[in-house]
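Because only heavy atoms are used, hydrogens play no part in the values below, and waters and symmetry mates are left out as well, while side chains stay in. Predicted model only: the values in this text are computed from it and were never measured.
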Amino acid sequence: MSMKSFRPLISRRIVCHHVPWRPRPFTTANGLRQYQQPDVSEDEDSKGKEDGPRWKSTIWKMFESAATTFASLAVLGGAGYGYHLYYKSLVLRKMEVAFDPGDPVLDLAAPTPSAKNTTHEDSDVERDNAAVAWFEQPEQQTIDAIMSGQKKGRYYLLIGEKGTGKSSMIIEGMRKVDANGISMFDAHANQEIFRIRLGKALNYEFHEDYIGSLFSVRGPRDTTALLDIERAFNKLEKVAMNRRDKNQGPMVVVINSTHLIRDDDDGRDLLELIQQRAEQWAASNLVTFVLNSDDYWVYERLKSYATRMEVITVRDLPKPKAMAALASYRARYFPQETINQEKLSEIYDLVGGRINFLSRVAKSHDMLNMAKLIGQNEKTWFLNRCGILGETMDDDVMDQQKYASCAQVLAKALVEKAKEMDNPYDPEIGHILPSFPLHEARQIMTRADFIEQYDHANIFTIDSSANVRADSVPMMNAFKEICAEPNFDQHLNETLDRIAAIESIGRTRELTFKDLWIEQNGTMRGAYEAVTRDARGREVGKTEFRVKPDPEPEEEGEGGAD
């Protein structure tokens, strides 16, 4: 076949169309219809061509997921940081509200709902009712100046016996300014309770309402109460600086019953923290601290580091003011009754010028009987705490009897000093209670650690001048009655002798040789033999000692008298 015959075939165009492979059905011998499987080797080239686009799509999806995660975290972090800033500003705003006019203490102390916020715009009747409930003491003007912010640059310690009206004067000073810029709370021996009361007074939650706790984040509350108190003072400092920038006066923080803080390491740390803040803020006119205490030990602790502290001593009222206060109280509760000066003087002789006692007497129908009952209660309190047992006491109660006998010794010394005083009672001033300096009182008791316990138990008191005396006039009258009882001195001496004997027994060691006391046929037969040897171990001597029997008593009548 020649080449010419192939030309038409070569010149023709051959068009091939790709037809996708489809499995062809076929019937098996069993009559089942099946499909032919594709040849895997035919698609290897096409798979190699598709690897590139698949790798690019995977990278794109990874980038998209990362961007989504980053955006979510950014939104969450921005929202959390924004909430944190909002929460910090909210804490400061809430603390500023705590020093706005009005205070829960005024609501609790108000005798009537209409008298809790008596201001100059109130009616005369309401102001008179509120004024009758309180008799102004000499220290009231100083307290008013502190509460109104006129006295600044100092922090103050009010010290005095229980019932002299310290808290009442503070509340009265707060009422006059409607507690504007003032916050007050009571101290407690437990630091956790102290922390809660401080937070309530400052309107501060110590981050306990922080939303981060929902995500199981370890919050700032997982720490000690002392650190929480430090954080509260840090927030208070910011609020005080904002008020100073607005040309407002210093804030006043009143800590009532400071003596309830325990005199231990934790209590001293807390008191030191408060004093450091009080010194710093008094110097910068930010916050004025007012500490109210019934016990001397608080003053003794603060005295060591005090540079800007001012002590305000609150004492009993003198006789003229005490009688006027009693008449004022009585007129409030019994308006129709008139009291003569002789009866007022007789009641003063029994209870003295203590505001608490005068108020209790004025509320009673029989004032004279109530005054005697107060004196009897003080005597019972002293005997229950410091009663002595005499020479028959058991050695197990020796520690308690040491405490009681020291109190009895000091009470006796005060009674004897009252007898030696030229003028223990002045008709114009009233009672002048005998006292000893603190170091002399410790010498009289021969103990230095009991006096602060007596002060805390309201048996004796220590003033800011470190003088020790009876806690009140009824307590001093109780001392006189007890020391005037028959055989009191003998009973006290027997107690002291018994204590000394028990202590002597405790310090004495007895050595007994029991073999010496062997008795045979009425004769002591026990004996010890000691052998003495030289350096070479040779016996050089012996020593024997035995019990010598008692000599027989001589019969009476053998020897006649000349």
inquiry  = So, taking the atom named CE in Met421 and the one named CD in Glu416, what distance separates them when rounded to the nearest 0.5 Å?
reply    = 14.5 Å

ask   = Are Arg360 and Phe357 in a cation-pi setup, meaning NZ or CZ lies under 6.0 angstrom from the ring centre and within 45 degrees of the ring axis?
value = no

message = Let's go through Tyr155 and Phe289 carefully: what are the C-alpha distance in whole Å and the side-chain angles of both, what is the deciding distance for ring-ring contact (aromatic ring centres under 6.0 Å, His included) to 0.1 Å, and is it a yes or a no?
response = CA-CA 5 Å; Tyr155 65 100; Phe289 269 95; 7.8 Å; no

Backbone of Lys162 reached by a side-chain donor or acceptor of Arg354 within 3.5 Å = yes

inquiry  = Cation-pi check for Phe185 against Lys200: NZ or CZ below 6.0 Å from the six-membered ring centre and within 45 degrees of the axis, yes or no?
reply    = no

message = Heavy-atom count check: over 12 atoms from other residues, nucleotides or ligands less than 6.0 Å from Glu428 CD?
response = no

remark   = Heavy-atom closest pair (Arg315 atom, Gln137 atom, distance to 0.1 Å) is O-NE2, 4.1 Å

key: From Ser183 atom OG to Met95 atom CE, the distance as rounded to the nearest 0.5 Å   = 9.5 Å

task = Would you please classify the geometry between the Phe382 ring and the Phe479 ring as parallel, tilted or perpendicular, with 30° and 60° separating the classes?
result = perpendicular

query = Is a side-chain N or O of Thr446 found less than 3.5 angstrom from the main chain of Arg442, in a donor-acceptor match?
reply = no

inquiry  = Closer than 3.5 angstrom, by distance alone: can the side chain of Gln140 be matched with the main-chain N or O of Met169 as a donor-acceptor pair?
reply    = yes

From Lys235 atom NZ to Tyr204 atom OH, the distance as rounded to the nearest 0.5 Å = 5.5 Å

task = Keeping the roles fixed (side chain from Asn340, backbone from Lys343), state whether a donor-acceptor pair exists under 3.5 Å.
result = yes

note = Nearest heavy-atom approach of Leu270 to Ile261 is CD2-CD1, 4.1 Å

ask   = Does a donor on one side chain and an acceptor on the other come within less than 3.5 Å for Lys319 and Ser345?
value = yes

task = Could you tell me whether a side-chain N or O of Asn190 sits under 3.5 Å from a main-chain N or O of Glu192, the two making a donor and an acceptor?
result = yes

message = For a quick test of reading the model, state the closest non-hydrogen atom pair linking Ile229 to Phe206 and the distance between them.
response = N-CE2, 4.3 Å

key: Atom of Gly352, atom of His431 and distance for their closest heavy-atom approach   = CA-CD2, 4.3 Å

ask   = Rounded to the nearest 0.5 Å, how far does CE of Met323 lie from CG of Leu358?
value = 11.0 Å

message = Testing Arg244, Arg277, Arg231 one by one against Glu237 for a salt bridge (charged side-chain N to carboxylate O under 4.0 Å, His left out), which residue passes?
response = Arg277

ask   = Within a radius of less than 6.0 Å around NZ of Lys372, do more than 12 heavy atoms belonging to other residues, nucleotides or ligands occur?
value = no

task = Using only heavy-atom distances, determine whether the side chains of Ser257 and Asp186 contain a donor-acceptor pair under 3.5 Å.
result = no

Atom NZ of Lys379: over 12 foreign heavy atoms under 6.0 Å = yes

query = Tell me, do Ile312 and Leu158 make a side-chain contact under 4.5 Å, heavy atoms counted?
reply = yes

inquiry  = Could you tell me if the side chain of Asp228 sits less than 4.5 Å from the side chain of Leu226, heavy atoms only?
reply    = no

task = Go through the steps to decide whether Asp263 and Arg268 satisfy the test side-chain contact (heavy atoms from CB on, under 4.5 Å), and finish with yes or no.
result = CA-CA 6 Å; Asp263 188 11; Arg268 287 189 286 269; 3.1 Å; yes

inquiry  = Using the salt bridge (Lys or Arg N to Asp or Glu O under 4.0 Å) criterion, which residues pair with Arg469? Sequence neighbours excluded.
reply    = Glu161, Asp463

query = Hey, does the side chain of Ser148 reach the backbone of Asp144 with a donor-acceptor pair shorter than 3.5 angstrom?
reply = yes

query = Just by distance, do the side chain of Lys417 and the backbone of Ser435 share a donor-acceptor pair under 3.5 Å?
reply = yes

Value rounded to 0.5 Å, distance of CG in Asn180 from CE in Met174 = 11.0 Å

remark   = Thr288 and Arg154 have their tightest heavy-atom pair at CG2-O, 3.4 Å

task = Report the C-alpha distance between Leu273 and Glu230 in whole Å, list the side-chain angles of each, state the deciding distance to 0.1 Å, and finish with yes or no for side-chain contact (heavy atoms from CB on, under 4.5 Å).
result = CA-CA 8 Å; Leu273 173 62; Glu230 175 70 14; 2.8 Å; yes

message = Run Asp471 and Met476 through side-chain contact (heavy atoms from CB on, under 4.5 Å) and show every step you take.
response = CA-CA 8 Å; Asp471 183 75; Met476 188 63 198; over 6 Å; no

query = Is Gln280 atom CD crowded by more than 12 heavy atoms from other residues, nucleotides or ligands, each under 6.0 Å away?
reply = yes

inquiry  = I need the minimum non-hydrogen distance between Pro138 and Leu317, along with the two atoms involved.
reply    = CD-CD2, 4.4 Å

query = Can you check whether Lys419 reaches Val415 side chain to side chain, under 4.5 Å on heavy atoms?
reply = yes

ask   = Are Leu344 and Arg330 close enough that some pair of their side-chain heavy atoms sits under 4.5 Å apart?
value = no

inquiry  = Against Leu291, only a single residue in Ile159, Leu302, Asn256 fulfils side-chain contact (heavy atoms from CB on, under 4.5 Å); can you say which?
reply    = Leu302

ask   = Just wondering, are more than 12 heavy atoms of other shown residues or ligands nearer than 6.0 Å to CE in Met241?
value = no

remark   = Test side-chain contact (heavy atoms from CB on, under 4.5 Å), reference Tyr425, set Asp349, Leu433, Ile432, output is Asp349

key: Under 3.5 Å donor-acceptor, Gln408 side chain and Cys386 backbone   = yes

message = If we count only N and O atoms by modelled type, under 3.5 Å, do the side chains of Gln275 and Tyr305 hold a donor and an acceptor together?
response = no

Residue pair Asn477 / Glu481, side-chain donor-acceptor N/O under 3.5 Å = no

query = Is any NZ, NE, NH1 or NH2 atom of the basic residue among Asp449 and Arg447 found under 4.0 Å from an Asp or Glu carboxylate oxygen of the other?
reply = yes

inquiry  = Distance to the ring centre below 6.0 angstrom and angle to the axis at most 45 degrees; does that hold for Arg197 and Phe194?
reply    = no

Asn242 side-chain N/O to Lys238 backbone N/O, donor-acceptor pair under 3.5 Å = yes

request  = Please assess His259 against Tyr296 for the test ring-ring contact (aromatic ring centres under 6.0 Å, His included), listing each intermediate value before the final yes or no.
outcome  = CA-CA 8 Å; His259 59 277; Tyr296 174 78; over 10 Å; no

request  = Indicate whether any N or O donor in one side chain lies under 3.5 Å from an N or O acceptor in the other, for Gln490 and Glu494.
outcome  = yes

query = Salt-bridged, Lys303 to Glu300, with N to O below 4.0 Å?
reply = no

query = Tell me, do His439 and Gln443 make a side-chain contact under 4.5 Å, heavy atoms counted?
reply = yes

ask   = Side-chain donor-acceptor pair under 3.5 Å between Thr313 and Ser464, yes or no?
value = yes

request  = Ignoring hydrogens and angles, tell me if any N or O in the side chain of Ser405 forms a donor-acceptor pair with the backbone of Gln401 under 3.5 Å.
outcome  = yes

ask   = What distance do Ile459 atom CD1 and Arg385 atom CZ have between them, rounded to the nearest 0.5 Å?
value = 5.5 Å

ask   = Do other residues, nucleotides or ligands put more than 12 heavy atoms under 6.0 Å from His456 NE2?
value = no

message = Could you go through Ile255 and Thr258, starting from their C-alpha distance and side-chain angles, then the distance that decides it, and tell me whether this counts as side-chain contact (heavy atoms from CB on, under 4.5 Å)?
response = CA-CA 6 Å; Ile255 302 179; Thr258 314; 3.9 Å; yes

